[in-house]
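Scroll down for the structure; my scribbles are underneath it.
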There are 2 protein chains.
Amino acid sequence: MELQEAQDKFIQAWGTLGSHWGINRTMAQVHALLLISENPLSAEEIMGTLKISRGNANMNIRALIDWGLVFKELKPGERKEFFVAEKEMWEVIRKIIIQRKKKELEPIIRVLNDISEVNEDDKEAEEFRKVIKDIRLFAQKADSTLEGLVKSDQNWFVGTFLNMIK
Amino acid sequence: MELQEAQDKFIQAWGTLGSHWGINRTMAQVHALLLISENPLSAEEIMGTLKISRGNANMNIRALIDWGLVFKELKPGERKEFFVAEKEMWEVIRKIIIQRKKKELEPIIRVLNDISEVNEDDKEAEEFRKVIKDIRLFAQKADSTLEGLVKSDQNWFVGTFLNMIK
DNA sequence: TTCAACTTTCAAAAGGTTTTGAAAGTTCGG
DNA sequence: CCGAACTTTCAAAACCTTTTGAAAGTTGAA
């Protein structure tokens, strides 16, 4: 396969994956492009390669910087800003886990805690408490596991995963 | 807190969570409603409670059945169909993992395998192969781990998670 | 201070997804 | 068979998210 074709395929696939992961299509494509380019790219170059508007490029680059997946890089003597991606996959995964945990898991845990306070005592309320308690257990387990993952290093992670798959 | 209020909050929260998880808002709300109701509900009752149209209810109930998260239940002497949710949380999680793995992880692994075939040998191609190889490693590890999870039972899962969080 | 180079903003347009509801389809008891 | 009770379908409408691009804002060298 040609390098060019492979690169395009990767950018498309990463975009599709991203959109299933709370990262919008373009944001993921910008990330993919930076991941596979050996040099830092300017906004102009990103716009050109992905055929997106200036505003769109700017917005998504900013978002990637917020997530900690992309860094600004200034070249001496150049006015323009250049961008590089975090290339350590384990770091990429950690950064994504951090964001998703904050945006998804933490809010639902807050709601589950709130609504555990139902104190009627008929059969229906009983059933409700039972379901909520069960969900809460899983949510909290997931929360501590992810918290642990985020704080751990890659070797620990790979090790644990290898154990898990025997 | 009142049972009614708590139930509404749960349905809303589950809907929001679902939409981050490849399950559309209404589909997740139908699932939430069935999760917390002690009796099987008819399409009519679901439409009424969630204030959604007949078509919408039908579509999302079908989708939940496809995912294995909801079952049809026929009451003797009744023409209508009734629905119950899978209430075992561990099963719910397994079913979701199965669907998402199929729709997200497997396609990207296919692409990664394809594009590993780049055989140019300049610096740029080298960088490309390096990034792809690294991502592929993680993707495959995630795939086997999830495969293991799906095949395992709840105790194994809870045990492993407890180990992971020390 | 000025100006050109660059970045950011944001309202409007485009594009995508979900919902509606009426019509068509199915099923079963009589 | 028939008709009532129910389910499914699908085109159009509503809604939501993303993208555009022009204008406003910022920055730094001279």
Side-chain angles (χ1 to χ4, degrees), chain A residues 11-12 14-34 40-67 70-84 99-100 103-104, chain B residues 11-12 14-34 40-67 70-84 99-100 103-104:
Chain A
I11 291 172
Q12 293 315 317
W14 204 243
T16 304
L17 186 66
S19 63
H20 289 293
W21 269 82
I23 296 169
N24 91 36
R25 186 184 183 66
T26 308
M27 184 172 159
Q29 287 179 341
V30 172
H31 182 231
L33 174 61
L34 290 172
L41 301 179
S42 66
E44 210 82 24
E45 291 169 303
I46 294 170
M47 288 163 56
T49 311
L50 299 181
K51 301 200 172 68
I52 59 176
S53 72
R54 183 171 299 286
N56 197 9
N58 185 269
M59 241 181 107
N60 285 299
I61 293 168
R62 284 324 117 187
L64 284 164
I65 292 175
D66 282 350
W67 281 51
V70 162
F71 309 104
K72 208 177 277 198
E73 200 168 293
L74 297 171
K75 293 195 184 177
E78 291 253 32
R79 190 69 151 316
K80 241 182 297 213
E81 296 176 331
F82 289 80
F83 305 96
V84 263
Q99 296 289 332
R100 299 200 78 201
K103 284 209 230 132
E104 297 171 34
Chain B
I11 291 172
Q12 294 313 318
W14 203 242
T16 304
L17 186 65
S19 62
H20 290 291
W21 269 82
I23 297 170
N24 92 35
R25 186 184 182 65
T26 307
M27 184 172 159
Q29 287 180 340
V30 172
H31 183 229
L33 175 60
L34 289 172
L41 301 179
S42 66
E44 210 83 26
E45 290 169 304
I46 293 170
M47 288 163 57
T49 311
L50 300 181
K51 301 201 173 67
I52 59 177
S53 73
R54 183 172 300 286
N56 197 9
N58 186 269
M59 244 181 105
N60 286 298
I61 293 168
R62 283 327 116 187
L64 284 165
I65 292 175
D66 282 350
W67 281 51
V70 162
F71 309 105
K72 209 178 273 198
E73 199 170 294
L74 298 171
K75 293 194 184 179
E78 291 251 33
R79 193 69 129 6
K80 242 181 297 212
E81 296 175 332
F82 289 81
F83 305 96
V84 263
Q99 296 290 332
R100 299 200 78 200
K103 284 209 235 141
E104 296 170 36

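By convention in this document, chain letters (A, B, ...) are assigned in the order of the sequence lines, proteins followed by strands, and residues within each chain are numbered from 1.
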Pick base, sugar-phosphate or nothing for [X], based on heavy-atom distances below 4.0 Å to the nucleic acid.
{"X": "K51(B)", "answer": "sugar-phosphate"}
{"X": "E81(A)", "answer": "sugar-phosphate"}
{"X": "N24(A)", "answer": "sugar-phosphate"}

Distance-minimising heavy-atom pair for M47(A) and A57(A):
CG-CB, 3.6 Å
Given the options T49(B), I23(B), L64(B), V30(B) meets side-chain contact (heavy atoms from CB on, under 4.5 Å) only with L64(B)
Return the value, rounded to whole Å, for the distance between atom [atom1] of [X] and atom [atom2] of [N].
{"X": "I23(B)", "N": "dT17(C)", "atom1": "CD1", "atom2": "P", "answer": "17 Å"}
{"X": "L50(B)", "N": "dT18(C)", "atom1": "CG", "atom2": "P", "answer": "16 Å"}
{"X": "I52(A)", "N": "dG15(C)", "atom1": "CD1", "atom2": "P", "answer": "16 Å"}
{"X": "E78(B)", "N": "dG29(C)", "atom1": "CD", "atom2": "C1'", "answer": "15 Å"}

Around W21(A), counting heavy atoms of other residues, nucleotides and ligands shown, do more than 12 lie under 6.0 Å from its CH2?
no
Within a strict 4.5 Å, meaning less than it, do heavy atoms of the W14(B) and I11(B) side chains meet?
no
Test item: Q29(B) and R25(B) side chains (from C-beta on) under 4.5 Å apart, heavy atoms
yes
On DNA chain D, check which nucleotide each of A57(A) and K80(B) is closest to and give me the residue with the more 5' one.
K80(B)
Value for CE (M59(A)) from OG1 (T26(A)), rounded to nearest 0.5 Å, stands at 9.5 Å
Earliest and latest nucleotide of DNA chain D, 5' to 3', sitting under 4.0 Å from a non-hydrogen atom of chain A?
dT18(D) to dG28(D)
5'-most contact on DNA chain C (nearest-nucleotide basis), R79(B) vs R62(A), goes to R62(A)
